[in-house]
J.: 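Pasting in a structure now, in structure tokens, and then I'll have a few things to ask.
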Amino acid sequence: MDIKTITTTAFTGQKPGTSGLRKKVTVFQQQNYLENFVQAIFDSLNDFQGQTLVIGGDGRYYNKPATQTILKIAAANGFGKALVGQNGILSTPAASAIIRKYQAFGGIILSASHNPGGPQGDFGIKYNISNGGPAPEKVTDAIYEHSQTISEYKIVATPDIDLSQLGKTQIATMQVEVIDSVADYAKLMEELFDFSMIKKLFNSDFKMCFDAMHAVTGPYAKDILEQKLGAAIGTVMNGIPLEDFGGGHPDPNLTYAHDLVTIMYGNAAPQFGAASDGDGDRNMVLGQNFFVTPSDSLAILAANATLAPGYKDGLAGIARSMPTSEAADHVADALKIDCYETPTGWKFFGNLLDANLATLCGEESFGTGSSHVREKDGLWAVLFWLNILAVRKQSVKDIVYEHWAKYGRNVYSRHDYEGVDSKSANELMENLYHTFSHLKGKQFGNYIVEFCDDFGYIDPVDHSISQNQGMQIGFQDGSRIIFRLSGTGTEGATLRVYLEKYEPDIAKHHLDSQEELADLIKLADEIAGIKNYTGRDKPSVIT
Ligand code: G1P
Ligand code: ZN
């Protein structure tokens, strides 16, 4: 077979974000765009000759042709073996699990996570290293550098291979093995959770509804929940992955997972509801008429961890991103373990997990995970909840209320202002930063500012420093308001305002979070001039 060196011209301005390179499909379809980026990835790596590369994606439009291209470039660059999910499909956590299990050199994941798909939608590509986690900044920086100066790439001139059949084929000297997308992942879940208890639960009158949102978790959820755990057929809704996610926005929150929300807040709601996103790393958990905030979910999983076989010996520590509520900190205190506060983005958990400083980690953005992989893991969180429900035999709501009674409630909400003019959003942040010097000690009604912080982080393992990770205002009663600009949006800027208030009083635990946070919501605008800078009188998404 023929290895060709193709002359190319670099595209500038394609800096990959924290979750890899995400662009419109039409951008990726430009001649040599994908090829350049893939070659730039390989140009940034050393000593991978003869090694294994894992390839898979969330099934969105362009997943299949991109997989073929990557295989041919990987073969031309000297990889020894490629493990590819059947039909090019691997959820992000499954890809992470497979990289670890087969000691691959790394993996390429094709996904734009929860962003809409289809010919007019988004596509994405990211590189994960041998621990199964996203490449650290020094690797993504090197990829970026190479993508700016690239002048040629190598590719094997060969017809596409059949990705629909399991088995082995060859591209030049590289063996390609098409593997079952679900099997390895399902096996890992079986090791972590008490499947026989969960089976018994599904054998009782317990019902659940899982919304796969026409994204990658459909086949995973059907196999694990319906086949292995005996949940009723039909438990998984929107279970067939579609290239455009059925026109939906595959983000599991109260706004976008509306099919599920309608069911769970309806008269015939099952006891448990859950959803996952485009690439299967996010999760949302619901009880009957009841929403569990991701921050609470992390805390509850931590408090109940020993009920699951995979965590029966307890947790080494917990980690949460800075804007995630402090609910997990209360559990860590009680367990006498550390709770690490990291910047937003899953990659910051990698070192803590590798060094066994933390076992569970989570973000307020519907991401929860553990040391079993190096990505957040949607279905894992759902199975963890099922394991807890199976052992405790209580409703989701009762479990959450008992948790609040014991640890207090961290009332929490995030307000997003999407598609804001970038210049105005930057001005808001800039202005906020300048007010910090005279905010400290200031009193606003019942709230007295205790600290103002332009959040920075020193990694406890490699001591690398990350600055400007969000503006945090802390009040004397433990409340916090945090302002951050999104690093993943593709149009304009997205301002995220995170609001948190600690409420130890059980009598107030039934109150709606927006009502409970009303004072802080007003205060956020008063301090930062949100309406003024964004020109919006309300957020586009509230979670
Ligand atoms: C968002 C979430 C963040 C998550 C990231 C990738 O990033 O807020 O927690 O790690 O997506 O899924 P943001 O757009 O806020 O930068
Ligand atoms: Zn995702």
Side-chain angles (χ1 to χ4, degrees), residues 52-60 63 67 82-104 106-111 113 126 128-134 163 166 177-195 198-199 210-213 215-231 235-236 239-241 250 252 274-283 301 308-311 346 353 360-361 367-387:
T52 300
L53 182 71
V54 172
I55 305 168
D58 62 13
R60 66 178 61 227
N63 190 133
T67 304
L83 290 172
V84 196
Q86 191 172 19
N87 294 314
I89 299 271
L90 286 178
S91 76
T92 293
S96 183
I98 288 165
I99 293 170
R100 294 168 67 80
K101 177 167 179 176
Y102 297 102
Q103 291 165 359
I108 291 181
I109 301 176
L110 303 171
S111 169
S113 190
K126 90 173 177 171
N128 279 30
I129 57 174
S130 62
N131 74 351
L163 294 174
L166 300 183
E177 184 173 356
V178 178
I179 57 172
D180 185 302
S181 309
V182 178
D184 291 309
Y185 178 82
K187 197 154 174 290
L188 179 58
M189 293 303 112
E190 216 164 333
E191 288 162 18
L192 296 174
F193 301 115
D194 193 335
F195 272 34
I198 304 174
K199 242 190 239 170
F210 181 91
D211 189 351
M213 304 187 84
V216 78
T217 45
Y220 293 84
K222 277 191 195 160
D223 180 76
I224 297 174
L225 298 174
E226 295 181 3
Q227 302 306 319
K228 296 201 165 54
L229 292 170
T235 294
V236 178
I240 298 172
S276 193
D277 74 330
D279 62 330
D281 57 357
R282 294 187 174 192
N283 76 90
L301 296 185
Y311 307 92
W346 204 261
L353 295 168
L360 294 193
C361 33
T368 335
S370 90
S371 51
H372 71 292
V373 288
R374 291 296 178 275
E375 293 278 2
K376 54 195 171 221
D377 190 344
L379 207 44
W380 166 90
V382 174
L383 291 166
F384 209 147
W385 265 96
L386 280 169
N387 194 141

J.: With heavy-atom distances below 4.5 Å as the criterion, would you say the side chains of Asp194 and Pro309 are in contact?
T.: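 They are in contact (side-chain heavy atoms under 4.5 Å apart), so the answer is yes.
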J.: Is the side chain of Arg282 donor-acceptor paired with the backbone N or O of Ser276 at a distance under 3.5 Å, no angle test?
T.: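 No, because the side chain of Arg282 does not come within donor-acceptor range (under 3.5 Å) of the backbone of Ser276.
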J.: Is there a side-chain contact between Val84 and Glu177 in this structure, where contact means two heavy atoms from C-beta onward sitting under 4.5 Å apart?
T.: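 Heavy-atom side-chain distance check fails, nothing below 4.5 Å.
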J.: What's the separation between atom NE2 in His372 and atom OG in Ser96, rounded to the nearest 0.5 Å?
T.: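 His372 NE2 to Ser96 OG: 8.0 Å, rounded to 0.5 Å.
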J.: Holding to side-chain hydrogen bond (donor to acceptor under 3.5 Å, both in side chains), I want the full list of residues that pass it with Asn387, two or more places apart in sequence or in another chain.
T.: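 None.
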J.: Hey, does Leu353 have a side-chain heavy atom less than 4.5 Å from the side chain of Asn131?
T.: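 No, side chains not in contact.
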J.: What's the verdict on side chain to side chain contact (heavy atoms under 4.5 Å, CB included) for Leu225 and Phe210, showing C-alpha distance, side-chain angles and the deciding distance?
T.: CA-CA 9 Å; Leu225 298 174; Phe210 181 91; 3.9 Å; yes
J.: Which residues pass the side chain to side chain contact (heavy atoms under 4.5 Å, CB included) test with Glu226, not counting sequence neighbours?
T.: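 Glu226 satisfies side chain to side chain contact (heavy atoms under 4.5 Å, CB included) with Lys222, Ile233, Thr235, Val236 once adjacent residues are dropped.
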J.: Got a sec, which residues hit salt bridge (charged side-chain N to carboxylate O under 4.0 Å, His left out) with Lys228, two or more places apart in sequence or on another chain?
T.: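 Residues passing salt bridge (charged side-chain N to carboxylate O under 4.0 Å, His left out) with Lys228: Asp223.
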J.: Can you sort out the partners of Trp346 under ring pair (Phe, Tyr, Trp, His ring centres under 6.0 Å), two or more places apart, ordered by chain and number?
T.: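 So Trp346 forms a ring pair (Phe, Tyr, Trp, His ring centres under 6.0 Å) with Phe349.
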J.: Give, for atom CD1 of Ile98 and atom CD1 of Ile55, the distance between the pair rounded to the nearest 0.5 Å.
T.: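 Interatomic distance, Ile98 CD1 to Ile55 CD1, rounded to 0.5 Å: 12.0 Å.
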J.: What pairs with Thr52 under side chain to side chain contact (heavy atoms under 4.5 Å, CB included), at least two apart in sequence or on another chain?
T.: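 Checked Thr52 against side chain to side chain contact (heavy atoms under 4.5 Å, CB included); matches are Lys81, Leu83, Ala104.
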J.: Among all residues two or more places apart in sequence or in another chain, which pass the side-chain hydrogen bond (donor to acceptor under 3.5 Å, both in side chains) test with Asp58?
T.: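 Asp58 satisfies side-chain hydrogen bond (donor to acceptor under 3.5 Å, both in side chains) with Arg60, Ser111 only.
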J.: Just verifying a value: how many Å separate Leu166 CG and Asp180 CG, rounded to the nearest 0.5 Å?
T.: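 One finds 6.0 Å between CG of Leu166 and CG of Asp180.
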J.: Assess the side chains of Asp277 and Ser113: does a donor N or O sit below 3.5 Å from an acceptor N or O?
T.: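 Side-chain D/A pair, Asp277 to Ser113: present.
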J.: Would you check if Ile99 and Arg374 make a side-chain contact, meaning some heavy-atom pair closer than 4.5 Å?
T.: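 Result no, sub-4.5 Å side-chain heavy-atom pair not found.
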J.: If the condition is side-chain hydrogen bond (donor to acceptor under 3.5 Å, both in side chains), which residues does Asn283 pass it with, not counting sequence neighbours?
T.: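 Asn283 satisfies side-chain hydrogen bond (donor to acceptor under 3.5 Å, both in side chains) with Thr368 once adjacent residues are dropped.
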J.: Treating Thr217 as the side-chain partner and Gly280 as the backbone partner, does any N or O pair qualify as donor plus acceptor under 3.5 Å?
T.: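 Not a single qualifying donor-acceptor pair exists.
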J.: Would one find more than 12 heavy atoms of other residues, nucleotides or ligands at under 6.0 Å from atom CD of Gln103?
T.: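 Counting neighbours around CD of Gln103, 12 or fewer heavy atoms of other residues, nucleotides or ligands fall under 6.0 Å, so no.
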J.: Suppose we screen for side-chain hydrogen bond (donor to acceptor under 3.5 Å, both in side chains). Which residues come up paired with Thr92, at least two apart in sequence or across chains?
T.: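 Asp279.
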J.: Checking Glu190 now: which residues fulfil salt bridge (charged side-chain N to carboxylate O under 4.0 Å, His left out) with it, not counting sequence neighbours?
T.: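 Checked Glu190 against salt bridge (charged side-chain N to carboxylate O under 4.0 Å, His left out); zero matches.
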J.: Under the rule for side chain to side chain contact (heavy atoms under 4.5 Å, CB included), what residues qualify as partners of Ala97, not counting sequence neighbours?
T.: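 Here the qualifying residues are Leu188, Val373.
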J.: Checking side chain to side chain contact (heavy atoms under 4.5 Å, CB included) against Asn63, which of Leu163, Leu110, Asn87 comes through?
T.: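 Testing each of Leu163, Leu110, Asn87 against Asn63, the sole residue satisfying side chain to side chain contact (heavy atoms under 4.5 Å, CB included) is Leu110.
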J.: Between atom CG of Leu90 and atom CD1 of Ile108, what is the distance when rounded to the nearest 0.5 Å?
T.: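 CD1 of Ile108 is found 12.5 Å from CG of Leu90.
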J.: Give me the atom names and distance for the closest heavy-atom approach of Ala94 to Ser181.
T.: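 Looking at all heavy atoms of both residues, the shortest contact is CB-O, 4.2 Å.
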J.: Any idea which heavy atoms bring Ile89 and Tyr220 closest together, and the distance?
T.: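 Taking Ile89 first and Tyr220 second, the nearest heavy atoms are O-OH, 4.4 Å.
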J.: Could you work out, with side chain to side chain contact (heavy atoms under 4.5 Å, CB included) as the rule, every residue matching Pro93, not counting sequence neighbours?
T.: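 Expected list: Ser91, Tyr185, Asp281, Asp377.
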J.: Write down the atom of Gly239, the atom of Ala212, and the distance for their closest heavy-atom approach.
T.: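 Here Gly239 and Ala212 meet closest at CA-CB, 4.1 Å.
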J.: Would you name the heavy atoms of Ala274 and Val382 that are closest together and state the gap between them?
T.: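 Heavy atoms only, the tightest pair is CB-CG2, 3.6 Å.
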J.: Looking only at heavy atoms, which two atoms of Pro134 and Asn128 are closest? And how far apart?
T.: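 Heavy atoms of Pro134 and Asn128 come nearest at CA-OD1, 3.5 Å.
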J.: So, using ring pair (Phe, Tyr, Trp, His ring centres under 6.0 Å) as the criterion, who are the partners of Phe384 when residues are at least two apart?
T.: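 Once residues adjacent in sequence are excluded, the partners of Phe384 under the ring pair (Phe, Tyr, Trp, His ring centres under 6.0 Å) criterion are Phe193, Tyr311, Trp380.
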J.: State, with a plain yes or no, whether a side-chain heavy atom of Met189 is found less than 4.5 Å away from one of Leu192.
T.: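 In short, these two side chains touch, coming nearer than 4.5 Å.
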